[in-house]
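Down below is the structure, laid out as structure tokens.
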Amino acid sequence: MYLCRMSYHNTIEFARSMDVEDPLREYRSKFHMPQFNGEDVLYFTGNSLGLQPKSTKAAIEQELDDWARLGVEGHFHAKNPWMPYHEFLTEKTAKLVGAKPIEVVCMNQLTVNVHLLMVSFYRPRGLRYKIICEQKAFPSDQYALESQVKFHGYDPEEAIVEVGPRAGEHTIRHEDILAAIEKHKDELALVFIGGVNYYTGQVFDLAEITAAAHKAGAYAGFDLAHAAGNVILQLHDWNVDFACWCSYKYLNSGPGSVSGAFVHERHAHSELIRFAGWWGHDKVTRFKMEKGFRPVPGAEGWQLSNAPVFSMAAHNAALEIFDEVGMEKLRAKTMKLSGYLEFIIDDVSSRKGNCLEIITPREWKQRGCQLSVVAHGYGRDLFNALMQNGVIPDWREPNVIRLAPVPLYNSFEDIWRFGQKLEEAM
Ligand SMILES: *Cc1c(COP(=O)(O)O)cnc(C)c1O
């Protein structure tokens with residue numbers, strides 16, 4: 001399915017030949033590429049803010065025009081009526097994360113959804129109050145967990161069990177996560193992990209983690225901010241209880257755009273406690289404006305507010321691209337493209353005293369687009385030199401470079417050029 005690592009070459013001819021053979025090569029022209037000195041910048045931060053599809057502007061303008069033309073009547077008579085607007089995204093979202101339509105909804109923003117879903121799925125009782133999460137989770141997730149625990153009157157120090165890498169290692173061993181679940185099984189309420197760690201790019205085995213959590217009598221939920229649009233997800237088949245993700249990283253839906261949420265079908269008709277709002281209420285009686293909350297079955301029943309139409313228009317435009325391509329093809333290109341980046345980094349490193357250490361797992365199963373690289377002996381100067389030379393990587397103190405070649409718009413030539421600039425900068 002992917003190219004053997006040995007057959008890569010650090011030449012522009014090779015990179016260009018890979019681009020010619022790339023079945024997704026035309027998709028680059030569907031995005032606005034930021035410019036540097038009149039040339040395309042080398043953009044490797046699609047894991048932070050994905051680029052703008054050229055179709056986004058027209059999608060937002062449609063809603064602006066309908067608002068200008070119709071005012072409040074746009075809720076019913078806009079080209080895409082605003083009343084059921086979130087429903088236009090449902091099928092595509094379900095396909096993206098391997099879910100049934102009843103299991104997904106786009107609403108709010110990511111950290112908001114983490115909290116809303118934890119209200120339902122973190123219900124500590126007596127001795128069953130612990131949460132297992134990964135060490136160095138994204139800070140917003142850490143704060144969400146800590147404040148949820150406190151909200152229920154427990155001590156975060158006791159309630160939150162972090163599983164980290166072993167001494168001298170960078171990534172977390174799968175067996176250590178399973179062992180932690182087993183160890184705390186009598187006190188465990190929830191396992192909540194980032195599906196792909198934002199820092200190392202490590203991909204976790206969500207199916208096995210979910211199975212282990214369930215065996216322990218706990219729920220399993222995932223923050224998929226770095227997974228959605230990056231790796232193949234089968235949330236329904238994996239039996240995941242809940243998940244949420246943002247749309248502005250790999251999903252290219254614009255800064256702060258609307259988040260996605262998943263609640264497994266088996267909870268669709270459940271009486272799970274939730275914080276409710278009118279948009280989660282039964283659609284038939286919503287406008288009777290009566291007392292007594294009756295949730296829409298499925299993920300939609302967790303909505304609070306009416307749809308943020310402009311950010312959903314941007315998200316919908318981006319989802320159309322994902323729908324057209326499909327995650328299988330994206331994944332197939334990722335393996336070749338990130339594999340080439342790995343090859344180039346190793347090649348440059350071999351001429352610089354092996355000072356570049358890729359801390360992202362080398363096995364395909366455990367990674368998506370992103371490679372995180374420690375530049376031993378280098379500091380922020382290296383990052384600055386790259387930035388001044390038309391590269392946009394992501395830098396984390398003290399010396400980690402995160403690079404995410406994105407299969408929709410990055411090319412093999414981008415990676416070859418990056419290798420040249422990296423070697424120069426070093
Ligand atoms: C990007 C990211 C967030 C950001 O949260 P917002 O609510 O969208 O600002 C949260 N968690 C993870 C794991 C992320 O990668």
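Each ligand, and each atom within it, is numbered from 1 in the order the structure gives. Computed from a predicted model, the values in this text were never measured in an experiment.
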**OP:** Return yes or no for this condition: an N or O of Ser140 is under 3.5 Å from an N or O of ligand 1.
**Re:** no
Which of the ligand 1 atoms, numbered from 1, are nearer than 4.0 Å to a heavy atom of [X]:
X: His226; result: 15 (O)
X: Asp223; result: 10 (C), 11 (N), 12 (C), 13 (C)
X: Thr111; result: 5 (O), 6 (P), 7 (O)
X: Tyr248; result: 1 (C), 4 (C), 5 (O), 6 (P), 8 (O), 9 (O)
X: Ala225; result: 2 (C), 12 (C), 13 (C), 14 (C), 15 (O)

Original post:
Given that the side chain starts at C-beta and the backbone is N, CA, C, O, which of these parts of Leu110 lies under 4.0 Å from ligand 1, counting heavy atoms, or is it both or neither?
Top reply: both
Subject >> Part of Asp141 with heavy atoms under 4.0 Å of ligand 1, whether side chain, backbone, both or neither >> reply: side chain
**OP:** Applying side chain to side chain contact (heavy atoms under 4.5 Å, CB included) between Pro165 and each of Gln135, Glu134, His170, report the one that passes.
**Re:** Gln135
Original post:
Charged N to carboxylate O below 4.0 Å: is that the case for Glu175 and Arg173?
Top reply: yes
Original post:
Any chance NZ of Lys136 has more than 12 other-residue heavy atoms, nucleotides or ligands included, within less than 6.0 Å?
Top reply: no
Original post:
Considering only protein heavy atoms, which is closest to atom 15 (O) of ligand 1, and at what distance to one decimal place?
Top reply: Lys249 NZ, 2.5 Å
Subject >> Proximal candidate to atom 3 (C) of ligand 1 [heavy atom criterion; set Phe222, Phe138, Tyr198] >> reply: Phe138
Original post:
What's the spacing between Thr93 OG1 and Trp245 CH2 if we round to 0.5 Å?
Top reply: 6.5 Å
Original post:
Could you give the distance from CD1 (Ile209) to CD1 (Ile193), rounded to the nearest 0.5 Å?
Top reply: 4.5 Å
Original post:
His32 and Pro53: which non-hydrogen atoms are nearest, and at how many Å?
Top reply: CD2-O, 4.2 Å
Original post:
Below 6.0 angstrom between ring centroids: does that apply to His236 and Phe262?
Top reply: no
